**Q** 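Okay, handing you the structure first.
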Amino acid sequence: MPAVMLARALALVRLILVARILGEGGKGQYGIYQQALVLMNWLVPIVMFGLGDVAERYASRFEREGRLAWWVRRHALRLAATGLTAAALLLAATPWASRDIFHLDPSVASGWPLLATCAAAIIVLALYQYVAALLRGMRAYVAVAAMEVASAILLLILSTLAALRGSAVGLVYMYAVSVGVPMLFFAGLAWARINTTATPTTAAAPRTVHLSRFARWALLRLLLMMSFGFLSVWGVGHLAAQAGWPSRDVQEAQAEYAIPYRMAELLSYIAITAWASTYAIAAKFWAHGQTRRASAELFRVGRFGAAALALMAAAAVICRSPIAWLLPAYADVLYTLLPPMAGVFVWYGLLAFSSTYADLRETPHRGAWLWGAAVAAQAAVMLLGNPESAPIADTLGPRERVVVASAVGVGLALLILAPLVLWRPLRLTATAAPLALVALSALSLFVPADLVGWIAPVVMVAVLLLLQSMGLLIRRSDRRRWRRWRAAPARATLTT
(Lines give C-alpha, C1' and ligand atoms only; values in the text may rest on other atoms or scores of the structure.)
Protein backbone atom coordinates (compact mmCIF):
# COMPACT_ATOMS: atom_id res chain seq x y z
CA MET A 1 0.00 0.00 0.00
CA PRO A 2 2.79 2.55 0.63
CA ALA A 3 4.10 1.84 -2.86
CA VAL A 4 0.63 2.28 -4.31
CA MET A 5 0.21 5.57 -2.44
CA LEU A 6 3.52 6.73 -3.92
CA ALA A 7 2.44 5.67 -7.42
CA ARG A 8 -0.88 7.51 -7.09
CA ALA A 9 0.86 10.60 -5.73
CA LEU A 10 3.09 10.56 -8.82
CA ALA A 11 -0.06 10.17 -10.93
CA LEU A 12 -1.51 13.30 -9.33
CA VAL A 13 1.73 15.21 -9.99
CA ARG A 14 1.68 14.01 -13.60
CA LEU A 15 -1.93 15.05 -14.04
CA ILE A 16 -1.26 18.57 -12.79
CA LEU A 17 2.03 18.92 -14.65
CA VAL A 18 0.70 17.76 -18.04
CA ALA A 19 -2.42 19.92 -17.75
CA ARG A 20 -0.34 22.97 -16.80
CA ILE A 21 2.14 22.45 -19.65
CA LEU A 22 -0.67 22.09 -22.20
CA GLY A 23 -2.44 25.14 -20.71
CA GLU A 24 -5.45 26.83 -22.21
CA GLY A 25 -4.36 26.24 -25.79
CA GLY A 26 -3.86 22.50 -25.27
CA LYS A 27 -7.25 21.74 -23.76
CA GLY A 28 -8.46 20.13 -26.96
CA GLN A 29 -5.52 17.70 -27.14
CA TYR A 30 -5.90 16.92 -23.45
CA GLY A 31 -9.57 16.12 -23.98
CA ILE A 32 -8.68 13.74 -26.84
CA TYR A 33 -6.07 12.08 -24.62
CA GLN A 34 -8.57 11.55 -21.80
CA GLN A 35 -11.11 10.08 -24.21
CA ALA A 36 -8.41 7.72 -25.50
CA LEU A 37 -7.68 6.55 -21.95
CA VAL A 38 -11.29 5.67 -21.16
CA LEU A 39 -11.67 3.92 -24.53
CA MET A 40 -8.58 1.80 -23.85
CA ASN A 41 -9.74 1.01 -20.32
CA TRP A 42 -13.07 -0.15 -21.75
CA LEU A 43 -11.49 -2.44 -24.35
CA VAL A 44 -8.84 -3.98 -22.09
CA PRO A 45 -11.36 -6.18 -20.17
CA ILE A 46 -12.59 -7.53 -23.51
CA VAL A 47 -9.04 -8.50 -24.42
CA MET A 48 -8.44 -10.09 -21.00
CA PHE A 49 -11.82 -11.90 -20.96
CA GLY A 50 -11.67 -12.34 -17.18
CA LEU A 51 -8.23 -13.99 -17.21
CA GLY A 52 -6.82 -11.51 -14.70
CA ASP A 53 -9.52 -12.33 -12.16
CA VAL A 54 -8.99 -16.06 -12.67
CA ALA A 55 -5.23 -15.69 -12.17
CA GLU A 56 -5.66 -13.55 -9.06
CA ARG A 57 -8.28 -15.86 -7.53
CA TYR A 58 -6.66 -19.25 -8.27
CA ALA A 59 -2.92 -18.63 -8.90
CA SER A 60 -1.92 -19.72 -5.39
CA ARG A 61 -3.91 -22.95 -5.76
CA PHE A 62 -2.43 -23.78 -9.16
CA GLU A 63 1.07 -22.92 -7.95
CA ARG A 64 0.67 -25.28 -5.00
CA GLU A 65 -0.52 -28.05 -7.33
CA GLY A 66 2.32 -27.44 -9.81
CA ARG A 67 0.06 -26.61 -12.77
CA LEU A 68 0.48 -22.82 -12.90
CA ALA A 69 2.96 -22.80 -15.81
CA TRP A 70 0.48 -24.63 -18.04
CA TRP A 71 -2.29 -22.16 -17.18
CA VAL A 72 -0.09 -19.13 -17.81
CA ARG A 73 0.92 -20.43 -21.24
CA ARG A 74 -2.74 -20.93 -22.14
CA HIS A 75 -3.63 -17.47 -20.89
CA ALA A 76 -0.75 -15.89 -22.83
CA LEU A 77 -1.96 -17.43 -26.10
CA ARG A 78 -5.54 -16.28 -25.47
CA LEU A 79 -4.39 -12.76 -24.60
CA ALA A 80 -2.33 -12.56 -27.80
CA ALA A 81 -5.25 -13.75 -29.94
CA THR A 82 -7.89 -11.49 -28.39
CA GLY A 83 -5.52 -8.52 -28.30
CA LEU A 84 -4.69 -8.68 -31.98
CA THR A 85 -8.36 -9.19 -32.86
CA ALA A 86 -9.43 -6.17 -30.80
CA ALA A 87 -6.68 -4.04 -32.35
CA ALA A 88 -7.78 -5.01 -35.86
CA LEU A 89 -11.43 -4.22 -35.12
CA LEU A 90 -10.50 -0.87 -33.60
CA LEU A 91 -8.50 0.09 -36.67
CA ALA A 92 -11.36 -0.99 -38.91
CA ALA A 93 -13.70 1.30 -36.93
CA THR A 94 -11.39 4.32 -37.20
CA PRO A 95 -13.72 6.51 -39.31
CA TRP A 96 -16.62 6.00 -36.92
CA ALA A 97 -14.51 6.34 -33.77
CA SER A 98 -12.84 9.53 -35.04
CA ARG A 99 -16.21 11.17 -35.63
CA ASP A 100 -18.45 9.89 -32.83
CA ILE A 101 -16.02 9.14 -29.99
CA PHE A 102 -13.16 11.61 -30.39
CA HIS A 103 -15.17 14.28 -32.25
CA LEU A 104 -12.24 14.98 -34.58
CA ASP A 105 -12.66 17.48 -37.38
CA PRO A 106 -11.73 15.61 -40.61
CA SER A 107 -10.41 18.81 -42.16
CA VAL A 108 -7.93 19.30 -39.29
CA ALA A 109 -6.66 15.85 -38.23
CA SER A 110 -6.85 12.20 -39.22
CA GLY A 111 -7.79 9.58 -36.66
CA TRP A 112 -5.51 6.82 -37.97
CA PRO A 113 -2.36 7.65 -35.92
CA LEU A 114 -4.40 8.06 -32.75
CA LEU A 115 -6.35 4.81 -33.17
CA ALA A 116 -3.24 2.83 -34.15
CA THR A 117 -1.44 4.03 -31.03
CA CYS A 118 -4.49 3.19 -28.91
CA ALA A 119 -4.59 -0.33 -30.39
CA ALA A 120 -0.96 -0.98 -29.43
CA ALA A 121 -1.50 0.47 -25.96
CA ILE A 122 -4.52 -1.79 -25.39
CA ILE A 123 -2.46 -4.93 -25.94
CA VAL A 124 0.33 -3.71 -23.67
CA LEU A 125 -2.07 -2.63 -20.94
CA ALA A 126 -3.89 -5.98 -21.00
CA LEU A 127 -0.59 -7.82 -20.53
CA TYR A 128 0.40 -5.42 -17.74
CA GLN A 129 -2.84 -6.00 -15.84
CA TYR A 130 -2.56 -9.75 -16.26
CA VAL A 131 1.01 -9.81 -14.94
CA ALA A 132 -0.03 -7.65 -11.96
CA ALA A 133 -2.99 -9.95 -11.20
CA LEU A 134 -0.77 -13.02 -11.51
CA LEU A 135 1.81 -11.58 -9.12
CA ARG A 136 -0.91 -10.68 -6.61
CA GLY A 137 -2.33 -14.17 -6.89
CA MET A 138 1.15 -15.57 -6.17
CA ARG A 139 1.32 -13.10 -3.24
CA ALA A 140 4.44 -11.45 -4.71
CA TYR A 141 3.35 -8.04 -3.44
CA VAL A 142 6.84 -6.52 -3.47
CA ALA A 143 7.09 -7.21 -7.19
CA VAL A 144 3.65 -5.68 -7.83
CA ALA A 145 4.62 -2.59 -5.84
CA ALA A 146 7.91 -2.22 -7.70
CA MET A 147 6.17 -2.57 -11.05
CA GLU A 148 3.59 0.08 -10.09
CA VAL A 149 6.23 2.56 -8.92
CA ALA A 150 8.52 1.98 -11.91
CA SER A 151 5.62 2.50 -14.31
CA ALA A 152 4.50 5.66 -12.47
CA ILE A 153 8.00 7.18 -12.59
CA LEU A 154 8.42 6.40 -16.29
CA LEU A 155 4.98 7.76 -17.05
CA LEU A 156 5.70 11.00 -15.19
CA ILE A 157 8.93 11.61 -17.12
CA LEU A 158 7.73 10.52 -20.56
CA SER A 159 4.32 12.21 -20.30
CA THR A 160 6.03 15.48 -19.44
CA LEU A 161 8.18 15.20 -22.55
CA ALA A 162 5.14 14.37 -24.68
CA ALA A 163 3.17 17.29 -23.21
CA LEU A 164 5.89 19.68 -24.35
CA ARG A 165 5.04 18.67 -27.93
CA GLY A 166 1.31 19.12 -27.22
CA SER A 167 0.12 16.00 -29.03
CA ALA A 168 -2.50 13.53 -27.80
CA VAL A 169 -0.93 10.80 -29.94
CA GLY A 170 2.42 11.35 -28.22
CA LEU A 171 0.80 11.13 -24.79
CA VAL A 172 -0.85 7.79 -25.63
CA TYR A 173 2.41 6.46 -27.09
CA MET A 174 4.38 7.37 -23.96
CA TYR A 175 1.67 5.77 -21.86
CA ALA A 176 2.15 2.48 -23.72
CA VAL A 177 5.95 2.64 -23.35
CA SER A 178 5.74 3.43 -19.62
CA VAL A 179 3.49 0.44 -19.03
CA GLY A 180 5.25 -1.97 -21.37
CA VAL A 181 8.84 -1.69 -20.16
CA PRO A 182 8.17 -2.62 -16.48
CA MET A 183 5.67 -5.27 -17.58
CA LEU A 184 8.28 -7.12 -19.68
CA PHE A 185 10.82 -7.09 -16.87
CA PHE A 186 8.48 -8.36 -14.14
CA ALA A 187 6.82 -10.87 -16.47
CA GLY A 188 10.26 -12.43 -16.88
CA LEU A 189 10.70 -12.60 -13.11
CA ALA A 190 7.26 -14.15 -12.66
CA TRP A 191 7.92 -16.77 -15.33
CA ALA A 192 11.25 -17.68 -13.72
CA ARG A 193 9.51 -18.28 -10.39
CA ILE A 194 6.72 -20.29 -12.02
CA ASN A 195 9.24 -22.57 -13.73
CA THR A 196 11.10 -23.23 -10.48
CA THR A 197 7.91 -24.33 -8.72
CA ALA A 198 6.29 -26.27 -11.61
CA THR A 199 6.13 -30.06 -11.59
CA PRO A 200 6.85 -32.17 -14.71
CA THR A 201 3.22 -33.23 -15.04
CA THR A 202 0.42 -30.81 -15.80
CA ALA A 203 -3.18 -31.81 -15.34
CA ALA A 204 -6.44 -30.14 -16.16
CA ALA A 205 -8.09 -27.76 -13.76
CA PRO A 206 -10.07 -29.28 -10.87
CA ARG A 207 -13.64 -29.92 -11.81
CA THR A 208 -14.85 -28.15 -8.67
CA VAL A 209 -13.54 -24.82 -10.00
CA HIS A 210 -15.82 -23.37 -12.69
CA LEU A 211 -13.19 -21.15 -14.28
CA SER A 212 -15.12 -20.44 -17.47
CA ARG A 213 -18.18 -19.30 -15.54
CA PHE A 214 -16.07 -17.21 -13.17
CA ALA A 215 -14.20 -15.63 -16.09
CA ARG A 216 -17.41 -14.76 -17.95
CA TRP A 217 -18.97 -12.99 -14.99
CA ALA A 218 -15.65 -11.31 -14.14
CA LEU A 219 -15.42 -10.07 -17.73
CA LEU A 220 -18.95 -8.69 -17.60
CA ARG A 221 -18.27 -6.94 -14.29
CA LEU A 222 -15.04 -5.38 -15.57
CA LEU A 223 -16.76 -4.25 -18.75
CA LEU A 224 -19.47 -2.58 -16.73
CA MET A 225 -16.95 -0.88 -14.44
CA MET A 226 -15.06 0.46 -17.44
CA SER A 227 -18.33 1.43 -19.12
CA PHE A 228 -19.07 3.62 -16.12
CA GLY A 229 -15.88 5.60 -16.76
CA PHE A 230 -16.28 5.58 -20.53
CA LEU A 231 -19.83 6.96 -20.34
CA SER A 232 -18.64 9.71 -18.00
CA VAL A 233 -16.04 11.23 -20.33
CA TRP A 234 -17.77 10.34 -23.60
CA GLY A 235 -21.13 11.55 -22.27
CA VAL A 236 -19.82 15.09 -21.84
CA GLY A 237 -18.75 15.20 -25.49
CA HIS A 238 -21.96 13.57 -26.65
CA LEU A 239 -24.20 16.03 -24.82
CA ALA A 240 -22.09 18.98 -25.95
CA ALA A 241 -22.19 17.79 -29.56
CA GLN A 242 -25.96 17.33 -29.35
CA ALA A 243 -26.23 20.91 -28.17
CA GLY A 244 -24.45 22.05 -31.34
CA TRP A 245 -21.06 22.94 -29.86
CA PRO A 246 -18.09 23.16 -32.30
CA SER A 247 -15.62 20.26 -32.33
CA ARG A 248 -12.93 22.17 -30.43
CA ASP A 249 -15.37 23.24 -27.73
CA VAL A 250 -16.54 19.65 -27.33
CA GLN A 251 -12.97 18.46 -26.77
CA GLU A 252 -12.29 21.30 -24.32
CA ALA A 253 -15.45 20.40 -22.38
CA GLN A 254 -14.15 16.83 -22.08
CA ALA A 255 -10.80 18.15 -20.85
CA GLU A 256 -12.47 20.39 -18.24
CA TYR A 257 -14.51 17.45 -17.01
CA ALA A 258 -11.53 15.07 -17.02
CA ILE A 259 -9.34 17.14 -14.68
CA PRO A 260 -11.53 16.85 -11.54
CA TYR A 261 -12.65 13.40 -12.69
CA ARG A 262 -9.08 12.05 -12.77
CA MET A 263 -8.20 13.63 -9.43
CA ALA A 264 -11.23 12.09 -7.73
CA GLU A 265 -10.65 8.77 -9.52
CA LEU A 266 -7.38 8.38 -7.63
CA LEU A 267 -9.48 7.67 -4.52
CA SER A 268 -11.06 4.62 -6.12
CA TYR A 269 -7.71 3.40 -7.48
CA ILE A 270 -6.22 3.37 -3.99
CA ALA A 271 -9.29 1.63 -2.59
CA ILE A 272 -9.41 -1.03 -5.33
CA THR A 273 -5.70 -1.72 -4.85
CA ALA A 274 -6.31 -2.22 -1.13
CA TRP A 275 -9.10 -4.69 -1.80
CA ALA A 276 -7.04 -6.51 -4.46
CA SER A 277 -3.96 -6.83 -2.23
CA THR A 278 -6.03 -8.56 0.48
CA TYR A 279 -8.24 -10.50 -1.92
CA ALA A 280 -5.56 -13.07 -2.78
CA ILE A 281 -4.88 -13.74 0.92
CA ALA A 282 -8.58 -14.08 1.70
CA ALA A 283 -9.05 -16.34 -1.34
CA LYS A 284 -6.37 -18.65 0.01
CA PHE A 285 -8.23 -19.04 3.32
CA TRP A 286 -11.51 -19.53 1.47
CA ALA A 287 -9.96 -22.31 -0.66
CA HIS A 288 -8.94 -24.11 2.54
CA GLY A 289 -12.47 -23.92 3.92
CA GLN A 290 -11.74 -21.10 6.40
CA THR A 291 -14.60 -18.91 5.17
CA ARG A 292 -15.03 -16.87 8.36
CA ARG A 293 -11.35 -16.02 8.50
CA ALA A 294 -11.38 -15.10 4.80
CA SER A 295 -14.27 -12.68 5.33
CA ALA A 296 -12.60 -11.23 8.43
CA GLU A 297 -9.38 -10.54 6.50
CA LEU A 298 -11.24 -8.77 3.70
CA PHE A 299 -13.49 -6.72 5.96
CA ARG A 300 -10.59 -5.62 8.14
CA VAL A 301 -8.97 -3.94 5.14
CA GLY A 302 -12.43 -2.78 4.04
CA ARG A 303 -12.90 -0.79 7.25
CA PHE A 304 -9.47 0.83 7.06
CA GLY A 305 -9.85 1.48 3.35
CA ALA A 306 -13.22 3.15 3.86
CA ALA A 307 -11.72 5.39 6.55
CA ALA A 308 -8.86 6.32 4.20
CA LEU A 309 -11.37 7.12 1.45
CA ALA A 310 -13.25 9.48 3.76
CA LEU A 311 -10.07 11.28 4.86
CA MET A 312 -8.76 11.66 1.30
CA ALA A 313 -12.12 12.95 0.08
CA ALA A 314 -12.14 15.54 2.88
CA ALA A 315 -8.56 16.52 1.97
CA ALA A 316 -9.56 16.91 -1.70
CA VAL A 317 -12.31 19.35 -0.72
CA ILE A 318 -9.99 21.36 1.51
CA CYS A 319 -7.19 21.48 -1.07
CA ARG A 320 -9.28 22.39 -4.12
CA SER A 321 -8.32 26.08 -3.92
CA PRO A 322 -4.53 25.45 -4.01
CA ILE A 323 -5.03 22.95 -6.84
CA ALA A 324 -7.10 25.50 -8.74
CA TRP A 325 -4.28 28.01 -8.27
CA LEU A 326 -1.88 25.53 -9.90
CA LEU A 327 -4.28 25.04 -12.83
CA PRO A 328 -5.86 28.41 -13.55
CA ALA A 329 -7.32 27.16 -16.85
CA TYR A 330 -9.45 24.69 -14.88
CA ALA A 331 -10.13 26.74 -11.73
CA ASP A 332 -13.92 26.98 -12.14
CA VAL A 333 -14.56 23.27 -12.72
CA LEU A 334 -12.20 22.27 -9.92
CA TYR A 335 -14.09 24.47 -7.46
CA THR A 336 -17.54 23.22 -8.47
CA LEU A 337 -17.03 19.63 -9.65
CA LEU A 338 -14.22 18.20 -7.51
CA PRO A 339 -16.30 17.70 -4.31
CA PRO A 340 -19.23 15.83 -5.93
CA MET A 341 -16.83 13.76 -8.00
CA ALA A 342 -14.99 12.83 -4.78
CA GLY A 343 -18.35 11.65 -3.45
CA VAL A 344 -18.97 9.60 -6.59
CA PHE A 345 -15.62 7.84 -6.28
CA VAL A 346 -15.98 7.18 -2.55
CA TRP A 347 -19.13 5.28 -3.50
CA TYR A 348 -17.31 3.75 -6.48
CA GLY A 349 -14.59 2.35 -4.21
CA LEU A 350 -17.12 0.92 -1.75
CA LEU A 351 -19.11 -0.62 -4.60
CA ALA A 352 -15.87 -2.20 -5.84
CA PHE A 353 -15.45 -3.67 -2.34
CA SER A 354 -18.93 -5.15 -2.58
CA SER A 355 -18.14 -6.84 -5.89
CA THR A 356 -14.80 -8.07 -4.47
CA TYR A 357 -16.69 -9.66 -1.59
CA ALA A 358 -19.01 -11.33 -4.10
CA ASP A 359 -15.97 -12.70 -5.97
CA LEU A 360 -14.52 -14.05 -2.73
CA ARG A 361 -17.75 -15.96 -2.14
CA GLU A 362 -17.46 -17.30 -5.72
CA THR A 363 -20.64 -15.46 -6.74
CA PRO A 364 -19.22 -12.97 -9.29
CA HIS A 365 -22.64 -12.65 -10.93
CA ARG A 366 -23.84 -10.59 -7.96
CA GLY A 367 -21.08 -8.06 -8.45
CA ALA A 368 -21.97 -7.88 -12.14
CA TRP A 369 -25.62 -7.22 -11.21
CA LEU A 370 -24.59 -4.27 -9.05
CA TRP A 371 -22.42 -2.69 -11.72
CA GLY A 372 -25.06 -3.34 -14.37
CA ALA A 373 -27.60 -1.42 -12.31
CA ALA A 374 -25.13 1.44 -11.81
CA VAL A 375 -24.36 1.76 -15.53
CA ALA A 376 -28.02 1.45 -16.54
CA ALA A 377 -29.09 4.22 -14.14
CA GLN A 378 -26.16 6.42 -15.22
CA ALA A 379 -26.99 6.01 -18.92
CA ALA A 380 -30.70 6.61 -18.31
CA VAL A 381 -30.18 9.89 -16.47
CA MET A 382 -27.51 11.05 -18.91
CA LEU A 383 -28.85 10.06 -22.31
CA LEU A 384 -32.62 9.63 -22.17
CA GLY A 385 -34.59 12.60 -23.41
CA ASN A 386 -33.57 15.64 -25.39
CA PRO A 387 -30.99 17.71 -23.46
CA GLU A 388 -32.60 20.91 -24.70
CA SER A 389 -36.02 19.96 -23.34
CA ALA A 390 -34.96 18.14 -20.17
CA PRO A 391 -36.11 19.74 -16.89
CA ILE A 392 -32.53 20.10 -15.65
CA ALA A 393 -31.20 21.57 -18.89
CA ASP A 394 -31.78 25.12 -17.67
CA THR A 395 -29.46 24.73 -14.68
CA LEU A 396 -27.02 21.95 -15.67
CA GLY A 397 -24.56 21.91 -18.55
CA PRO A 398 -23.09 18.71 -20.07
CA ARG A 399 -20.45 18.37 -17.35
CA GLU A 400 -22.86 18.86 -14.45
CA ARG A 401 -25.45 16.53 -15.95
CA VAL A 402 -22.88 13.74 -16.25
CA VAL A 403 -21.87 14.20 -12.60
CA VAL A 404 -25.52 13.91 -11.52
CA ALA A 405 -25.99 10.80 -13.67
CA SER A 406 -22.85 9.17 -12.24
CA ALA A 407 -23.89 9.91 -8.66
CA VAL A 408 -27.37 8.49 -9.23
CA GLY A 409 -26.01 5.33 -10.83
CA VAL A 410 -23.37 4.39 -8.28
CA GLY A 411 -25.47 5.59 -5.35
CA LEU A 412 -28.41 3.41 -6.39
CA ALA A 413 -26.21 0.33 -6.67
CA LEU A 414 -24.33 0.88 -3.39
CA LEU A 415 -26.93 2.30 -1.02
CA ILE A 416 -30.00 0.36 -2.15
CA LEU A 417 -29.09 -2.75 -4.14
CA ALA A 418 -25.85 -3.91 -2.46
CA PRO A 419 -27.47 -4.49 0.97
CA LEU A 420 -30.27 -6.47 -0.69
CA VAL A 421 -27.94 -8.59 -2.84
CA LEU A 422 -25.01 -9.24 -0.49
CA TRP A 423 -26.13 -8.53 3.08
CA ARG A 424 -29.20 -8.55 5.24
CA PRO A 425 -30.30 -4.91 5.12
CA LEU A 426 -32.20 -5.03 8.43
CA ARG A 427 -29.30 -6.62 10.31
CA LEU A 428 -26.41 -4.14 10.28
CA THR A 429 -23.50 -5.96 11.94
CA ALA A 430 -20.45 -4.39 13.53
CA THR A 431 -18.42 -5.60 10.56
CA ALA A 432 -20.44 -3.74 7.93
CA ALA A 433 -21.37 -0.65 10.02
CA PRO A 434 -18.18 1.36 9.20
CA LEU A 435 -18.70 0.82 5.46
CA ALA A 436 -22.34 1.86 5.66
CA LEU A 437 -21.68 5.00 7.73
CA VAL A 438 -18.81 6.15 5.50
CA ALA A 439 -21.06 5.66 2.46
CA LEU A 440 -23.79 7.77 4.07
CA SER A 441 -21.32 10.48 5.15
CA ALA A 442 -20.31 10.90 1.48
CA LEU A 443 -23.71 12.50 0.88
CA SER A 444 -22.23 15.66 2.43
CA LEU A 445 -19.97 16.02 -0.63
CA PHE A 446 -22.97 16.80 -2.82
CA VAL A 447 -24.05 20.02 -1.07
CA PRO A 448 -23.59 23.33 -2.98
CA ALA A 449 -20.01 24.30 -3.81
CA ASP A 450 -20.00 27.34 -1.50
CA LEU A 451 -20.97 25.24 1.53
CA VAL A 452 -19.26 21.91 0.90
CA GLY A 453 -15.91 23.09 2.26
CA TRP A 454 -17.52 23.83 5.64
CA ILE A 455 -19.78 20.79 5.85
CA ALA A 456 -18.22 17.74 4.18
CA PRO A 457 -14.84 17.57 6.03
CA VAL A 458 -16.55 18.07 9.39
CA VAL A 459 -19.16 15.39 8.72
CA MET A 460 -16.70 12.80 7.44
CA VAL A 461 -14.18 13.29 10.24
CA ALA A 462 -16.98 13.24 12.82
CA VAL A 463 -18.24 9.92 11.47
CA LEU A 464 -14.76 8.40 11.75
CA LEU A 465 -14.37 9.68 15.32
CA LEU A 466 -17.78 8.23 16.19
CA LEU A 467 -16.82 4.85 14.76
CA GLN A 468 -13.55 4.86 16.66
CA SER A 469 -15.20 5.81 19.96
CA MET A 470 -17.71 2.96 19.52
CA GLY A 471 -14.93 0.48 18.81
CA LEU A 472 -16.16 -0.25 15.30
CA LEU A 473 -13.23 1.11 13.30
CA ILE A 474 -10.22 -0.41 15.09
CA ARG A 475 -11.58 -3.40 16.96
CA ARG A 476 -10.03 -5.43 19.77
CA SER A 477 -9.12 -8.22 17.38
CA ASP A 478 -7.22 -5.69 15.25
CA ARG A 479 -5.23 -4.53 18.28
CA ARG A 480 -4.40 -8.13 19.28
CA ARG A 481 -3.31 -8.88 15.73
CA TRP A 482 -1.16 -5.75 15.68
CA ARG A 483 0.54 -6.70 18.98
CA ARG A 484 1.23 -10.23 17.72
CA TRP A 485 2.71 -8.81 14.51
CA ARG A 486 4.95 -6.42 16.47
CA ALA A 487 6.06 -9.25 18.77
CA ALA A 488 6.86 -11.65 15.91
CA PRO A 489 10.38 -10.24 15.15
CA ALA A 490 11.29 -10.44 18.84
CA ARG A 491 10.20 -14.08 19.06
CA ALA A 492 12.12 -14.89 15.89
CA THR A 493 15.28 -13.32 17.37
CA LEU A 494 14.96 -15.31 20.61
CA THR A 495 14.41 -18.52 18.67
CA THR A 496 17.50 -17.89 16.57
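Quick caveat: nothing in here was measured; it's all calculated off a predicted structure.
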**Q** Would the distance check show the side chain of Arg401 and the main-chain N or O of Val381 forming a donor-acceptor pair, the cut-off being under 3.5 Å?
**A**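 Yes; judged by distance alone, with no hydrogens or angles, the pair exists.
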**Q** Tell me every residue that passes ring-ring contact (aromatic ring centres under 6.0 Å, His included) with Tyr257, counting only those two or more places apart in sequence or in another chain.
**A**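 With neighbours one apart ignored, the set is Tyr261.
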**Q** Identify, with sequence neighbours excluded, every residue that meets salt bridge (Lys or Arg N to Asp or Glu O under 4.0 Å) alongside Arg248.
**A**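 Checked Arg248 against salt bridge (Lys or Arg N to Asp or Glu O under 4.0 Å); matches are Glu252.
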**Q** Going through the checks in order, is the side chain to side chain donor-acceptor pair (under 3.5 Å) test met by Thr278 and Glu297?
**A** CA-CA 7 Å; Thr278 310; Glu297 292 287 345; over 6 Å; no
**Q** Using the side-chain contact (heavy atoms from CB on, under 4.5 Å) rule, take Val44 and Met226 through it: C-alpha gap first, then chi angles, then the decisive distance, then the call.
**A** CA-CA 9 Å; Val44 164; Met226 296 301 105; over 6 Å; no
**Q** Name the orientation class of the two ring planes belonging to Phe228 and Tyr348 (parallel below 30°, tilted from 30 to 60°, perpendicular beyond 60°).
**A**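 It falls in the tilted class, 30° to 60°.
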**Q** Can you name the residues that form a salt bridge (Lys or Arg N to Asp or Glu O under 4.0 Å) with Arg136, not counting sequence neighbours?
**A**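 Residues passing salt bridge (Lys or Arg N to Asp or Glu O under 4.0 Å) with Arg136: Glu56.
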**Q** Side chains of residues 451-460: which donor-acceptor partners sit under 3.5 Å, not counting sequence neighbours?
**A**
none

**Q** Could you tell me whether the side chain of Trp112 and the main chain of Leu91 form a donor-acceptor pair under 3.5 Å?
**A**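 The answer is no, because no donor-acceptor pair under 3.5 Å joins these two groups.
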**Q** For residues 324-342, run the donor-acceptor check on the side chains, cut-off 3.5 Å, and write out each pair with its distance to 0.1 Å, sequence neighbours left out.
**A**
unit_1, atom_1, unit_2, atom_2, d
Tyr335, OH, Asp450, OD1, 3.3
Thr336, OG1, Asp332, O, 3.0

**Q** Does the gap between the ring centers of Phe353 and Phe299 come in under 6.0 Å?
**A**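 Yes, the ring of Phe353 comes within the 6.0 Å limit of the ring of Phe299, centre to centre.
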**Q** Quick one: list whatever passes side-chain contact (heavy atoms from CB on, under 4.5 Å) with Thr160, sequence neighbours left out.
**A**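 Counting only residues at least two positions away or on another chain, Thr160 forms a side-chain contact (heavy atoms from CB on, under 4.5 Å) with Leu17, Ile21, Leu156.
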**Q** Are any side-chain N or O atoms of Ser247 and backbone N or O atoms of His103, one a donor and one an acceptor, separated by less than 3.5 Å?
**A**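 Yes, Ser247 side chain to His103 backbone: donor-acceptor pair under 3.5 Å.
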**Q** Would you list the atom pairs, donor with acceptor, under 3.5 Å between side chains in residues 306-313 and any protein atom, with sequence neighbours excluded?
**A**
none

**Q** Who are the ring-ring contact (aromatic ring centres under 6.0 Å, His included) partners of Tyr173, not counting sequence neighbours?
**A**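 Result, ring-ring contact (aromatic ring centres under 6.0 Å, His included) vs Tyr173: none returned.
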**Q** What pairs of residues pass the ring-ring contact (aromatic ring centres under 6.0 Å, His included) test when at least one of them lies in residues 117-150, not counting sequence neighbours?
**A**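 As it turns out, the ring-ring contact (aromatic ring centres under 6.0 Å, His included) pairs with a partner in residues 117-150, which skip direct neighbours, are His75-Tyr130.
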**Q** Hey, can you pull the donor-acceptor pairs under 3.5 Å for the side chains in residues 163-170, sequence neighbours left out?
**A**
unit_1, atom_1, unit_2, atom_2, d
Ser167, OG, Val169, N, 3.3
Ser167, OG, Gly170, N, 3.4

**Q** Strictly under 6.0 Å, is that where the ring centroids of Phe102 and Trp96 end up?
**A**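 No, ring centres 6.0 Å or more apart.
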**Q** Without swapping roles, check the side chain of Ser98 against the backbone of Pro95 for a donor-acceptor pair under 3.5 Å.
**A**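 Such a contact is absent between Ser98 side chain and Pro95 backbone.
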**Q** Which pairs of donor and acceptor atoms, one on a side chain in residues 31-42, lie under 3.5 Å apart (sequence neighbours left out)?
**A**
unit_1, atom_1, unit_2, atom_2, d
Gln34, OE1, Arg262, NE, 2.5
Gln34, OE1, Arg262, NH2, 3.3
Gln34, NE2, Tyr30, OH, 3.1
Gln35, OE1, Gln254, NE2, 3.0
Asn41, ND2, Leu37, O, 3.2
Trp42, NE1, Ser227, OG, 2.6

**Q** Considering residues at least two apart in sequence or located in another chain, which fulfil the salt bridge (Lys or Arg N to Asp or Glu O under 4.0 Å) criterion with Arg399?
**A**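 Salt bridge (Lys or Arg N to Asp or Glu O under 4.0 Å) list for Arg399, sorted by chain: Glu256.
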